[in-house]
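Heads up, the thing below is written out as structure tokens.
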Amino acid sequence: MKISEFENATPEALAPVLLATLQRLGQLGRNGAVALARLVEEDDADLEEAVEWLADIAAGSLRE
């Protein structure tokens with residue numbers, strides 16, 4: 001999937017891309033985190049909401 005397709009992608013299409021990306025960033029460790037941090041703008045409300053959802057997923061508290 002190309003980045004230009006993200007805006008119109010369904011959750012079902014985005015989820016596997018995000019999972020693979022997060023796993024790869026985890027493998028890269030701090031270097032991956034720093035590369036992502038360079039892209040994040042301060043006060044990005046969408047990112048803050050996404051981080052909260054990811055924390056719920058990581059804690060095992062989000063299920064269908």
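By convention here, the first residue in the shown sequence is residue 1.
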Show me the pairs that pass side chain to side chain donor-acceptor pair (under 3.5 Å) and involve residues 25-50, at least two apart or across chains. R24-Q27, E49-W53
Let me check something: do L36 and L22 share a hydrophobic cluster, defined by ILVMFWY side-chain heavy atoms less than 4.5 Å apart, either directly or through other members? no
Would you kindly confirm whether L62 and L18 end up in one hydrophobic cluster when ILVMFWY residues are joined by side chain heavy atoms under 4.5 Å apart? yes
Given a cutoff of under 4.5 Å between side-chain heavy atoms of I, L, V, M, F, W and Y, with clusters grown through shared members, what are the other residues clustered with M1? I3, F6, L14, V17
Nearest heavy atoms of A13 and A9, plus distance in Å: CB-CB, 4.3 Å
Hydrophobic clusters join Ile, Leu, Val, Met, Phe, Trp and Tyr when side-chain heavy atoms are under 4.5 Å apart, directly or via other members; which others share one with V34? none
